[in-house]
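As the structure is a computational prediction, the values presented were derived from the model and not from experiment.
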Amino acid sequence: MATYVTSDAHGHARALDRALERASLTRDDTLYVLGDMIDRGPDPVGVMRIVRAMPNVHVLMGNHESMMLDALAGGGQADILTWEMNGGYTTASGLDALAREEYLELVEWVGSLPLFDMVEVAGRIYVLVHAGIDALELRGYLATAGYDPELGYSHVPADVMRAGLSEQAVEDLLWIRGDFWGEPTGLVNACGKGPVVIAGHTPTVLLARYANGMSRRVLDEDGRACMVEVGASWDTFGVADRIDIDCSAAAGAPAGRVGILRLDDRRIFYGEIEDND
């Protein structure tokens, strides 16, 4: 029973299928999808269908799902224009082609998606969010709950960590970039113990604008975007406290692809976006 995470397929159903085929998930495995299934790419509805049909899948809200809901909820012209400017026209077209029953089911399902999740794999807690967290705010909450930063946060009970995450601003969970990737979270201590945050939202091809301490180049030898671990240092015994899993699918071919990370052994499976997708 393995645990996988992916994010930001952005309507590229074929690339997601390729990544899933290479990962070879079984019915006993668990997949976390960290939002932005939709917009930009050619088949957002196809991505949602693939995800919903999978067993043991947990899906989070992304900023693009949030924009879709704002636009479809009868929001003002600004909400509609914002969604369209961010690639929402591909999703709108796909939804318009659906029978009313499936349309309503998909929209209701998206509206029910949570903003964060947590999972423990091989003794490590992973905080799962779409964009990132306000780490200072979270550490402040944990301090008020009686947890000393000098001792680290590896033994914070799950319910306390979830309560702290529930106090995070929605805007941060869905949209944060530089403030998250630019500074260590402070959740991993000098013994290398503590929660690691996994997020998408920021395409790794742009990560150098915000982050220091990246584990690898953002493009491989073929010019394809890679997942990147961030923050490994002497202060954390070489443990990266953040992982960016947005493999730039929003950009399409040739650099963009969909990636799936298996947390049990940190193996990555990629699905390339081809010119004809």
Given side chains that start at C-beta, do those of Pro149 and Arg139 come closer than 4.5 Å, heavy atoms only?
no
Any Lys/Arg nitrogen of Arg257 or Asp220 sitting under 4.0 Å from an Asp/Glu carboxylate oxygen of the other?
yes
Is any side-chain heavy atom of Glu84 less than 4.5 Å from a side-chain heavy atom of Leu81?
yes
May I ask whether Val188 and Ile125 are part of the same hydrophobic cluster, defined by side-chain heavy atoms of I, L, V, M, F, W, Y residues being less than 4.5 angstrom apart, directly or through others?
no
Tell me, yes or no, whether the heavy-atom count around Asp275 atom CG, taken from other residues, nucleotides or ligands under 6.0 Å, exceeds 12.
no
Closest non-hydrogen atom pair, Ile260 against Met227:
N-CE, 3.4 Å
Between side-chain atoms of residues 32-39 and protein atoms elsewhere (two or more places apart, or another chain), which donor-acceptor pairs fall under 3.5 Å?
from: Asp36; atom 1: OD1; to: Asn63; atom 2: N; distance (Å): 3.3
from: Asp36; atom 1: OD1; to: His64; atom 2: N; distance (Å): 3.0
from: Asp36; atom 1: OD2; to: His10; atom 2: NE2; distance (Å): 3.3
from: Asp36; atom 1: OD2; to: His130; atom 2: NE2; distance (Å): 3.2
from: Asp39; atom 1: OD1; to: Trp83; atom 2: NE1; distance (Å): 3.2
from: Asp39; atom 1: OD1; to: Thr91; atom 2: OG1; distance (Å): 2.5
from: Asp39; atom 1: OD2; to: His64; atom 2: ND1; distance (Å): 2.7
from: Asp39; atom 1: OD2; to: Trp83; atom 2: NE1; distance (Å): 3.1

Could you check Leu138 against Tyr153 for side chain to side chain contact (heavy atoms under 4.5 Å, CB included), going step by step and ending with a plain yes or no?
CA-CA 11 Å; Leu138 179 57; Tyr153 302 102; over 6 Å; no
Donor-acceptor contacts under 3.5 Å from residues 95-103 side chains, at least two apart:
from: Glu102; atom 1: OE1; to: Arg49; atom 2: NH2; distance (Å): 2.9
from: Glu102; atom 1: OE2; to: Arg49; atom 2: NE; distance (Å): 2.8
from: Glu102; atom 1: OE2; to: Arg49; atom 2: NH2; distance (Å): 3.3

Compare every heavy atom of Pro195 with every heavy atom of Leu187, then report the nearest pair and how far apart it is.
O-CD, 3.4 Å
Atom CG of residue position Asp264 - does it have more than 12 heavy atoms of other residues, nucleotides or ligands inside 6.0 Å?
yes
Measuring only between side-chain heavy atoms, which start at C-beta, is Met1 closer than 4.5 Å to Thr30?
no
I'd like to know whether Ile133 forms a side chain to side chain contact (heavy atoms under 4.5 Å, CB included) with Leu173, so could you lay out the CA-CA distance, the side-chain angles of the two residues, the decisive distance to 0.1 Å, and finally the verdict.
CA-CA 6 Å; Ile133 63 170; Leu173 296 173; 4.2 Å; yes
Glu274: partners by salt bridge (charged side-chain N to carboxylate O under 4.0 Å, His left out), with sequence neighbours left out:
Arg224
Indicate yes or no: at least one non-hydrogen side-chain atom of Leu69 is less than 4.5 angstrom from one of Met61.
yes
Indicate the atoms forming the closest heavy-atom contact of Trp181 with Gly200, along with that distance.
CZ2-O, 4.4 Å
Determine which pairs satisfy side-chain hydrogen bond (donor to acceptor under 3.5 Å, both in side chains) with at least one residue from residues 231-251, sequence neighbours left out, and list them in order.
Thr185-Asp241
With side chains defined as the heavy atoms from C-beta onward, is the minimum distance between Met161 and Leu142 less than 4.5 Å?
yes
Between CD of Glu183 and CG of Asn212, what distance do you get to the nearest 0.5 Å?
8.5 Å
Which pairs with one or both residues in residues 107-130 pass salt bridge (Lys or Arg N to Asp or Glu O under 4.0 Å), sequence neighbours excluded?
Asp117-Arg162
When you look at CZ of Arg266, are more than 12 heavy atoms from neighbouring residues, nucleotides or ligands closer to it than 6.0 Å?
yes
Heavy atoms of Ala15 and Glu272 approach each other most closely as CB-O, 3.6 Å
Run Tyr126 and Val5 through side chain to side chain contact (heavy atoms under 4.5 Å, CB included) and show every step you take.
CA-CA 10 Å; Tyr126 293 92; Val5 290; over 6 Å; no
Sidechain-backbone polar pair: Asn56 side chain, Arg27 backbone, donor-acceptor under 3.5 Å:
yes
Test of understanding: clusters of I, L, V, M, F, W, Y form through side-chain heavy atoms closer than 4.5 Å, transitively. Do Leu261 and Leu60 belong to the same one?
yes
Measure the CD1-SG distance between Ile273 and Cys247 for me, rounded to the nearest 0.5 Å.
9.5 Å
Taking transitive links into account, so neighbours of neighbours count too, which hydrophobic residues share a cluster with Leu136 at under 4.5 Å side-chain distance?
none
Between the CG atom in Leu115 and the CG atom in Leu174, the distance rounded to the nearest 0.5 Å is 5.5 Å
Spacing of OH belonging to Tyr4 relative to CG belonging to Asp29, to within rounding of 0.5 Å
4.5 Å
Do side-chain atoms of Ser93 reach the backbone of Tyr89 as a donor and acceptor pair under 3.5 angstrom?
no
Starting at OG1 of Thr202, measure out to CZ of Arg177 and round the result to the nearest 0.5 Å.
4.0 Å
Heavy-atom pair of closest approach, residues Phe180 and Val197:
CZ-CG1, 3.6 Å
Tyr147 and Leu165: same hydrophobic cluster, using ILVMFWY side-chain contacts below 4.5 Å?
yes
Any non-hydrogen side-chain atom of Asp179 less than 4.5 Å from a side-chain atom of Asp134?
no
Would a 4.5 Å heavy-atom cut-off, applied to side chains only, mark Leu20 and Met54 as touching?
yes
Under a single-linkage definition using a 4.5 Å side-chain heavy-atom cutoff for Ile, Leu, Val, Met, Phe, Trp and Tyr, are Leu31 and Val59 assigned to the same hydrophobic cluster?
yes
Find the distance between CD1 (Ile268) and OG1 (Thr6) and round it off to the nearest 0.5 Å.
11.0 Å
For Glu21, I'd like to know if atom CD has over 12 heavy atoms of other residues, nucleotides or ligands within 6.0 Å.
no
Residues Thr90 and Pro44: closest non-hydrogen pair is OG1-CG, 3.5 Å
Given side chains that start at C-beta, do those of Arg52 and Glu105 come closer than 4.5 Å, heavy atoms only?
yes
Would you say Ile245 ends up clustered with Leu128 if hydrophobic residues are merged whenever their side chains have heavy atoms under 4.5 Å apart, either directly or through other cluster members?
yes
